[in-house]
Amino acid sequence: MKKIIKIKSLLGIITCSLLVLFACSDDILDQQNNNATSTANFGTSVDQVKSAINGAFHPITGTFFWGRIIHTGAMLRSDEFNVFPFGSNTAMSTFLGNPGDRWATEPWQELYKSIARCNNIIINTTEAGIQDQTTRENLVGQAYFLRAFDYWHLVNLYGSVPLITDLPDLDNLLVNKAPTADIWAQIISDLEMAENMLPDSWTGEDLGRATSGAATALKGKSYLYMKQYGAATTALNSLIGRYSLLPGAQFGDNFSTTNENNSESVFELQFLGQETFVWGSDIPGTGSMGNFHIDYAPPAKSPDRSHVVNPWLKDLYEDHGDVIRRNETLAYDYPGATGYGGVDFNTDFVDDIPFATDAGVEAIFSKKYSGMDLGTRDQVDFLGTNVGNNWRVIRYADVLLMLAEALNEDGMTSQAIPYVDMVRERAGLTLIVDTNPGINQADMRQAIIDERAMELAGEGHRFFDLVRWDLADDYLGPTSLHGAHPKSLSGGTFQTNKHELIWIPNSERDSNPNLGQNDGYN
């Protein structure tokens with residue numbers, strides 16, 4: 001899949017026809033272009049539709065979404081990260097941004113670009129064009145999955161947004177925002193279509209494409225976010241046994257270039273370090289590199305100064321005796337700690353530590369997705385152009401913890417214990433069934449919160465978790481329960497009824513006044 005999605009990318013979705021005319025006779029001029037992809041001839045070959053699917057994924061893996069901007073503008077808002085302020089680049093992640101600042105526009109545009117391409121595939125790939133039902137459904141099912149993935153992020157980033165499932169209507173461009181309930185309903189509908197159409201697995205060059213299991217997992221996650229716990233349990237429970245956790249010794253394989261698309265991976269976005277670098281490009285062969293390195297590399301290596309990790313997370317690992325996950329998640333001065341290329345921590349971070357100590361915070365740095373597994377510092381490009389770590393969007397450990405949460409919230413606490421314990425056992429921790437088999441719902445809720453923090457730290461889940469748990473103000477508001485405020489380096493604080501969402505981009509509102517603005521933003 002790396003070869004297909006990362007290199008072929010857009011060949012089928014934006015095909016341009018170049019006619020070189022050597023004569024001017026009517027016969028030569030009156031030609032049908034069989035290479036152009038239009039409504040009339042789209043969906044007539046497997047390769048054509050597969051290329052179109054790759055093209056629909058490209059805006060998602062590109063620099064302006066998961067390749068970088070979603071991290072700067074969304075994931076780094078969590079209480080895991082104390083971001084060094086760097087002008088407008090960090091305004092959103094430090095709760096200091098407002099309309100006109102950077103990074104709200106690009107995710108909106110890239111997600112709708114992907115949606116438009118998915119709509120084209122869903123509508124125009126028909127039995128007349130691809131007669132084999134299994135082949136056709138395996139292709140179209142990917143578009144249903146990706147459209148749901150796109151809307152999932154739109155509704156969690158922006159809230160109420162336009163719901164577009166048709167081809168563009170040039171006579172009706174000023175669309176209204178849809179109620180969030182309608183968007184969630186569309187997400188569930190698309191995922192159920194994808195479940196029925198997609199295979200259980202892919203092989204060869206297709207390895208890494210969305211599967212029926214990925215659709216089920218995202219459906220279960222969506223129900224969990226909607227607090228429909230019974231439906232979430234049904235979906236997530238159906239995945240038990242279809243995947244397996246890697247051994248503790250291989251926990252780091254979940255974030256490195258080693259062992260990608262493994263038995264624990266439910267869905268991951270495919271990245272490829274590339275020498276050809278065009279910032280934010282939507283051109284085949286460019287843009288699918290891990291520019292997220294800028295946001296996860298330590299401050300002396302990042303062009304934007306990056307962040308330090310807040311000490312509450314370090315303390316959580318240490319209080320639980322969690323060495324396996326700590327060592328693959330954080331870099332600080334613990335016994336055996338290393339940095340880039342396996343170099344001793346104090347040697348490798350000699351230029352980073354003063355960033356923290358001079359600012360009065362602890363020198364704790366991110367390890368996941370920072371490129372430390374790729375070689376020494378000088379071997380990893382400062383912009384991340386040669387960073388090719390696939391981003392594991394949904395792992396089986398996440399599925400287990402979501403299932404445990406759904407069961408616990410539905411009053412079935414004892415049934416939740418085995419799923420939390422599966423994750424704890426891999427980490428080498430004591431099991432709840434042994435230490436507290438009669439655990440009550442409130443204590444189990446806190447155990448799941450802690451377990452998600454340790455297992456999934458730095459993977460992009462924490463901020464959305466805090467919002468759906470109604471805990472964002474508790475930990476990111478003016479009086480953080482963490483004690484030291486997690487955004488102390490910038491002075492920004494979370495404001496309830498504002499920062500749960502980001503602002504609607506001004507450029508989109510200028511072109512469509514029907515969009516309005518989210519609460520709290522001027």
Checklist entry - Sub-3.5 Å donor-acceptor pair from the side chain of S189 to the main-chain atoms of A185, do we have one? => result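 Flag not set: sc S189 to bb A185 has no pair under 3.5 Å.
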So CG of D150 and CG of L111: to nearest 0.5 Å the spacing works out to 5.0 Å
Using residues 64-77 as the side-chain source, report each donor-acceptor pair under 3.5 Å to any protein atom, sequence neighbours left out, with the distance given to one decimal.
| residue | atom | partner | partner atom | Å |
| --- | --- | --- | --- | --- |
| R68 | NE | T72 | OG1 | 3.1 |
| R68 | NE | D295 | OD2 | 3.0 |
| R68 | NH2 | T72 | OG1 | 3.4 |
| R68 | NH2 | D295 | OD1 | 3.0 |
| R68 | NH2 | D304 | OD2 | 2.7 |
| H71 | ND1 | Y296 | OH | 2.9 |
| H71 | NE2 | W66 | O | 2.8 |
| T72 | OG1 | D295 | OD1 | 3.1 |
| T72 | OG1 | D295 | OD2 | 2.8 |
| R77 | NE | A74 | O | 3.1 |
| R77 | NH1 | H499 | O | 3.3 |

My understanding is that only residues two or more places apart in sequence, or in another chain, count here; which of them pass side-chain hydrogen bond (donor to acceptor under 3.5 Å, both in side chains) with [X]?
X: S366; value: H307
X: T413; value: N408
X: N156; value: none

**Prompt:** With side chains defined as the heavy atoms from C-beta onward, is the minimum distance between F251 and E455 less than 4.5 Å?
**Reply:** yes
* Apply salt bridge (charged side-chain N to carboxylate O under 4.0 Å, His left out) to the pair R392 and E459, showing each step before the final yes or no. => CA-CA 8 Å; R392 281 63 163 190; E459 297 179 45; over 6 Å; no
Hits for ring-ring contact (aromatic ring centres under 6.0 Å, His included) against W108, two or more places apart or cross-chain, chain-then-number order -> Y112, Y158
Sidechain N-carboxylate O distance under 4.0 Å for [X], [Y]:
X: D206; Y: K50; answer: yes
X: E328; Y: K367; answer: no
X: D470; Y: K227; answer: no

> Parallel, tilted or perpendicular for F267 and F57, by the 30°/60° rule?
Replying inline: tilted
What side-chain donor-acceptor pairs closer than 3.5 Å can you find for residues 418-425, not counting sequence neighbours?
| residue | atom | partner | partner atom | Å |
| --- | --- | --- | --- | --- |
| D421 | OD1 | I432 | N | 2.7 |
| D421 | OD2 | I432 | N | 3.4 |
| D421 | OD2 | V433 | N | 3.0 |
| R424 | NE | T430 | O | 2.8 |
| R424 | NH1 | E451 | OE1 | 3.0 |
| R424 | NH2 | T430 | O | 3.1 |

Exercise. Is it true that the side chains of Q228 and W184 contain a donor and an acceptor less than 3.5 Å apart?
Worked result: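 Distance-only check fails for Q228 and W184.
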